[in-house]
Amino acid sequence: MTLTVYNTLTRKKEPFITIETGKVRMYCCGITVYDYCHLGHARTCIVWDVVRRYLQWRGYEVKYIQNFTDIDDKILNRARKEETTMEAISERFIEAYFEDMERLKVKRADAYPRATHSLDGIKRLVAELEEKGYAYGSDGDVYYSVRRFKDYGKLSGRKLEDLQAGASGRVDLADTEPIKKKDPFDFAVWKGAKPGEPAWESPWGKGRPGWHIECSAMVRERLGETIDLHVGGSDLIFPHHENEIAQSEAATGQPLARYWLHNGMVKVGGEKMSKSLGNFTTIRDLLAKIDPMAVRLFILQAHYRKPVDFTDEALEAATNGWHTIKEGLLFGYEYGAKLGFTVCSSSETLTQRFQEAVDDDFNFAEGLAVLFEIAKELRKEGNILVHQGQTETAPKILEEQWVTLVDLCQVLGLKTDSNEVKEEVSNGLSDEDIEGLIEQRKMARKNKNYAEGDRLRDELKEQGIILVDQPGGVTTWHRG
Ligand SMILES: Nc1ncnc2c1ncn2[C@@H]1O[C@H](COP(=O)(O)OP(=O)(O)OP(=O)(O)O)[C@@H](O)[C@H]1O
Ligand SMILES: [Zn+2]
């Protein structure tokens with residue numbers, strides 16, 4: 001069976017053939033860390049987490065890199081508002097990002113390079129572009145000459161003539177830029193320092209990198225000149241990914257990525273869920289109401305390229321879906337011993353059906369149909385067993401189905417451990433005990449005794465209680 005993927009670059013499905021046999025070099029554009037992540041970010045992270053897991057399951061060795069954008073006007077604005085530093089804001093939201101992702105069972109990338117840690121590579125790339133005539137300095141800024149790059153527009157299919165300068169969403173147009181640029185299409189790869197902003201020494205004077213250049217530099221540094229898979233949300237196709245291509249390919253003369261894959265947006269009433277529009281639901285708010293596994297199912301039930309609407313009904317359907325799968329998983333934990341389950345392998349037929357579905361451009365929604373079918377069958381057999389003392393189907397076949405369900409859940413990053421899928425197990429601490437310790441921690445932090453605050457947090461963590469600091473100083477908790 002061949003894996004095929006839809007390549008945004010060629011606008012068609014193609015067989016997936018890696019540069020090095022059996023190895024995948026994969027890069028995902030990460031988060032700008034100035035706030036808590038919302039469900040839109042969760043979709044991007046979950047989709048590519050599952051793609052990575054699937055590729056690993058298919059036998060590939062995957063090197064997966066995701067960056068953090070920790071230099072940005074939005075981070076600076078927040079730092080100013082809170083009278084703190086850009087680093088402090090970034091650190092806080094990187095920590096929050098990892099907490100959220102851990103709950104959603106998104107596996108850690110192999111590395112999370114940050115813009116602020118990648119300045120040497122960024123500056124080298126800017127200098128190279130300047131040397132080759134693709135970039136020019138202008139009064140402390142450095143701009144990329146878009147018209148110099150003949151292939152500009154090949155990813156998004158946009159032609160320069162059709163483009164309205166500046167009408168492309170996030171273009172980082174500072175007030176003074178239009179007069180410093182030779183052409184309205186040019187974009188900044190280096191920005192001269194403004195008073196009071198963090199800045200780094202460079203051959204063009206003190207300044208900071210533009211947004212697009214950081215990914216070009218990090219991909220090159222971490223994965224090489226041409227990678228197998230470059231992924232991200234479809235909102236990044238233009239201008240971000242178009243500009244990454246222009247920068248990297250002008251510098252190296254090599255294609256930046258063989259395959260460009262993009263996930264669709266989470267929408268609310270037809271509009272992109274976004275912090276700037278204020279129509280977002282943070283992951284933490286969502287997880288206060290629904291199981292993280294239901295969120296994963298909500299994401300996986302739609303094809304990754306299509307937009308999805310965030311509605312209460314859709315979440316409810318995903319929650320019901322998770323209950324069904326959980327019931328299927330519980331079947332083995334509850335009745336396995338009684339039915340004489342030993343250690344058998346999974347069903348080849350069912351596994352093959354799953355793989356055939358997913359091999360077609362990561363159609364996880366189709367693949368999930370196999371999991372639901374098994375889970376429903378096991379649930380039915382569980383009921384028959386309870387009422388009639390024995391199952392209709394032979395236990396050996398049920399065991400094979402159950403093992404397949406466990407295996408495939410693991411491919412999709414769904415919980416499978418008996419403890420995790422059984423109802424919350426009591427762990428000694430009552431809710432009041434926990435609330436009391438949280439209150440103590442709050443007092444400690446108020447008195448600036450952060451060490452004691454951290455100690456209390458760790459003490460709770462040891463007991464399986466995870467604290468989540470919400471905006472406005474409120475702390476919620478859940479059993480880990
Ligand atoms: N509504 C959404 N649905 C799916 N993916 C999204 C959504 N919003 C952002 N993303 C993706 O999340 C990743 C991180 O994006 P980034 O931090 O730049 O957020 P952003 O697009 O600026 O979000 P916002 O507009 O809410 O500030 C990107 O790959 C982006 O495509
Ligand atoms: Zn990027």
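Counting convention: from 1, in listed order, for ligands and their atoms alike. The first residue in the sequence is number 1, and the count goes up from there.
Atom numbering of ligand 1 starts at 1 in the shown order; those under 4.0 Å from a heavy atom of M273 are 1 (N), 2 (C), 8 (N). In summary, the atoms of ligand 1 found under 4.0 Å from a heavy atom of I31, numbered by their order in the structure, are 14 (C), 17 (O). The atoms of ligand 1 that sit less than 4.0 Å from any heavy atom of K275 are 24 (P), 25 (O), 26 (O), 27 (O). Within ligand 1, the atoms closer than 4.0 Å to a non-hydrogen atom of K74 are 22 (O), 27 (O), numbered from 1 in the order shown.
K154 NZ: more than 12 foreign heavy atoms inside a 6.0 Å radius.
Under a 4.0 angstrom heavy-atom cut-off, G264 registers as being in contact with ligand 1. For the pair C37 and ligand 1, no heavy-atom separation below 4.0 Å is found. Contact annotation: K267 has no heavy atom less than 4.0 Å from any atom of ligand 1. For the ligand labelled ligand 1, residue Y34 lies inside the 4.0 Å heavy-atom shell.
Side-chain contact check for I65 versus M218: every heavy-atom pair is 4.5 Å or farther apart. Contact check for K123 versus W190: side-chain heavy atoms found under the 4.5 Å cut-off. The closest side-chain heavy-atom distance from I213 to L129 is below 4.5 Å.
Polar contact with ligand 1: absent for R43 (N/O pair, distance under 3.5 Å). No N or O atom of M265 sits closer than 3.5 Å to an N or O atom of ligand 1.
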For the pair R441 and D458, evaluate salt bridge (charged side-chain N to carboxylate O under 4.0 Å, His left out) and give the outcome as yes or no after the intermediate values. CA-CA 11 Å; R441 173 172 174 262; D458 293 343; over 6 Å; no
Does the salt bridge (charged side-chain N to carboxylate O under 4.0 Å, His left out) test come out yes or no for E99 and R284, once each step is laid out? CA-CA 9 Å; E99 284 168 8; R284 4 201 94 192; 2.9 Å; yes
When you look at T18 and K23, which way does the side-chain contact (heavy atoms from CB on, under 4.5 Å) test go after all the steps? CA-CA 7 Å; T18 56; K23 292 193 178 168; 5.7 Å; no
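With hydrogens and angles left out, the side-chain atoms of T252 and E225 include no donor and acceptor closer than 3.5 Å. Side-chain atoms of E214 and T69 form a donor-acceptor pair, as typed in the model, at a separation below 3.5 Å.
Salt-bridge formation is detected for the pair R80/E197: a Lys NZ or Arg NE/NH1/NH2 atom is positioned less than 4.0 Å from an Asp or Glu carboxylate oxygen. Ion pairing between a basic and an acidic side chain is recognised when a charged N comes within 4.0 Å of a carboxylate O; D110 and R52 show such pairing.
Of the candidates D70, D72, D35, R78 forms a salt bridge (charged side-chain N to carboxylate O under 4.0 Å, His left out) with just one, namely D35.
A cation-pi arrangement is found for R108 relative to F98, the charged atom lying closer than 6.0 Å to the ring centre and inside a 45° cone about the ring normal.
Counting heavy atoms under 4.0 Å from ligand 1, residue D235 touches it through the side chain alone. Residue L236 touches ligand 1 through its side chain alone, judged by heavy-atom distances below 4.0 Å. Contacts of C29 with ligand 1, taken as heavy-atom pairs under 4.0 Å, involve the backbone alone.
The residue from P307, G278, G233, S274 that puts a heavy atom closest to atom 25 (O) of ligand 1 is S274.
Within the sub-2.8 Å shell of the Zn ion (ligand 2), the protein contributes these N/O/S atoms: C29 SG, C215 SG, H240 NE2, E244 OE2.
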